[in-house]
Protein chains: 2
Amino acid sequence: MSGALALADEEGLEALTMARVAERLGVTPMALYRHVAGKAGLLDGVVELLLTEFPPPPEALSWPERLNVLAGNIRASAHRHPAVFPLVLHLPANTPEARRTRESVYRALKDAGVTEARVAQIERLVSTAVLGFAVSEAAGRFRHHSRHELDADFGAMQALLRRFIEQSAASN
Amino acid sequence: MSGALALADEEGLEALTMARVAERLGVTPMALYRHVAGKAGLLDGVVELLLTEFPPPPEALSWPERLNVLAGNIRASAHRHPAVFPLVLHLPANTPEARRTRESVYRALKDAGVTEARVAQIERLVSTAVLGFAVSEAAGRFRHHSRHELDADFGAMQALLRRFIEQSAASN
DNA sequence: ACCTGAACACCGTTCAAGT
DNA sequence: ACCTGAACACCGTTCAAGT
């Protein structure tokens with residue numbers, strides 16, 4: 001699975017092929033069907049592997065710091081794996097790995113004072129913004145923008161989300 | 001090009017093949033190379049066609065109404081074309097069609113009182129949020145959420161973005 | 001249990017050839 | 001100008017067979 005991810009990193013998503021993965025493992029393509037559920041299963045596995053790259057941040061940090069660390073890890077993962085990263089939008093965030101990340105955001109929102117009833121919606125909104133930005137960068141929508149500009153954009157988005165969370169907490 | 005889009009709508013992105021498009025036109029696959037720059041050119045053309053589905057809203061409306069109409073059109077387009085829509089994050093928003101849409105957002109932001117220097121960044125942030133949500137829905141990340149819930153989420157996001165724009169205008 | 005050979009239906013793309 | 005036939009290298013997948 002990590003060989004498959006490396007292959008996609010090096011040669012792009014269209015190189016992520018049963019034949020190429022098998023070759024990398026020194027085996028025939030047919031042998032892979034023992035271990036993954038076809039091409040779709042291969043892609044699922046690679047995306048799941050990606051999710052392990054943004055583990056819950058240390059609980060010792062303040063809630064805004066935790067959210068910033070998490071967002072930074074997500075963006076860094078997108079930079080490392082531009083071919084595969086956009087696929088995170090394709091799977092419902094139901095896998096154990098995805099749940100773990102989401103729970104850590106829930107905890108941060110509760111620490112911020114967000115009321116139980118609104119935590120889930122606010123998490124979706126915050127995650128959508130962060131993932132939307134990271135996927136845009138990975139997929140190439142911001143190809144013509146400088147790294148400096150994109151860092152500023154990402155910072156502005158984090159500031160916006162923080163203000164939004166604080167306001168949501170104040171008006172409960 | 002519109003035949004290609006219809007094919008992807010009906011059978012998914014993996015059915016969007018030179019052979020299948022050619023078949024639909026009653027022609028051999030090789031004939032397509034006269035009209036598009038290979039498979040990549042075919043995809044570019046389909047995405048460009050998608051962009052024509054969210055034209056600038058009527059200038060008679062207030063700026064928040066215009067942004068809401070535009071966002072609604074974008075989301076509706078994502079619902080209509082779930083297979084292809086995620087590809088909008090893959091092309092730099094440089095095409096004439098994309099420029100037209102962006103300019104209409106610029107005008108709305110200026111009408112809101114956003115200072116010239118901050119218009120571009122705020123447009124990227126707003127577009128990223130709206131596209132991120134629409135792509136998430138189209139690609140299936142929200143597969144397990146009800147339409148009612150997603151409508152509420154989208155509404156909350158629009159409200160957040162509006163407040164953000166107003167605050168950005170106030171603090172210039 | 002795990003892997004392979006052979007086979008099938010399907011890709012994208014090129015190039016010379018036809019009209 | 002526009003389309004086609006033949007060809008090439010490459011896909012994903014199944015299934016019976018091997019060890």
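Reminder, nothing fancy here: chain letters follow the sequence lines and each chain counts from 1. Since we're looking at a predicted model, the values are computed, not measured.
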Would you mind reading off the distance between [X] atom [atom1] and [N] atom [atom2], rounded to a whole angstrom?
{"X": "B/Leu32", "N": "C/dT14", "atom1": "CG", "atom2": "P", "result": "13 Å"}
{"X": "B/Leu43", "N": "C/dG12", "atom1": "CG", "atom2": "P", "result": "10 Å"}
{"X": "B/Glu23", "N": "C/dG12", "atom1": "CD", "atom2": "C1'", "result": "16 Å"}
{"X": "A/Arg34", "N": "D/dT19", "atom1": "CZ", "atom2": "P", "result": "16 Å"}
{"X": "B/Glu14", "N": "D/dT13", "atom1": "CD", "atom2": "C1'", "result": "15 Å"}

Searching all strands shown, indicate the nucleotide that pairs with D/dC11 (Watson-Crick or G-U wobble; both distances under 3.5 Å). none
Watson-Crick or G-U wobble partner of C/dT19, both distances under 3.5 Å: D/dA1
Is there a chain of hydrophobic side chains (I, L, V, M, F, W, Y, each step under 4.5 Å between heavy atoms) that links A/Trp63 to A/Val69? no
Less than 4.0 angstrom between a side-chain N/O of [X] and OP1 or OP2 of [N], yes or no?
{"X": "A/Tyr33", "N": "D/dT14", "answer": "no"}
{"X": "B/Thr17", "N": "C/dG12", "answer": "yes"}
{"X": "B/His35", "N": "D/dC3", "answer": "yes"}

Of all the nucleotides listed (D/dG12, C/dT4, C/dT13), which has the minimum atom distance to the side chain of A/Lys39? D/dG12
Of the listed nucleotides D/dC3, D/dT13, C/dG12, the one nearest the side chain of B/Met18: C/dG12
Touch check for B/Met30, heavy atoms < 4.0 angstrom, all strands: base, sugar-phosphate only, or nothing? base
Sugar-phosphate, base or nothing in reach of B/Ala31, heavy atoms under 4.0 Å: base
Distance-only, no hydrogens or angles: does the B/Ser127 side chain make a donor-acceptor pair with backbone N or O of B/Arg124 under 3.5 Å? no
Are the side chain of B/Arg66 and the backbone of B/Pro57 linked by a donor-acceptor contact shorter than 3.5 Å? no
More than 12 heavy atoms of other residues, nucleotides or ligands under 6.0 Å from CD of A/Glu10: is that the case? yes
Heavy-atom distance under 4.5 Å between the side chains of A/Asp153 and B/Thr128, does that happen here? no
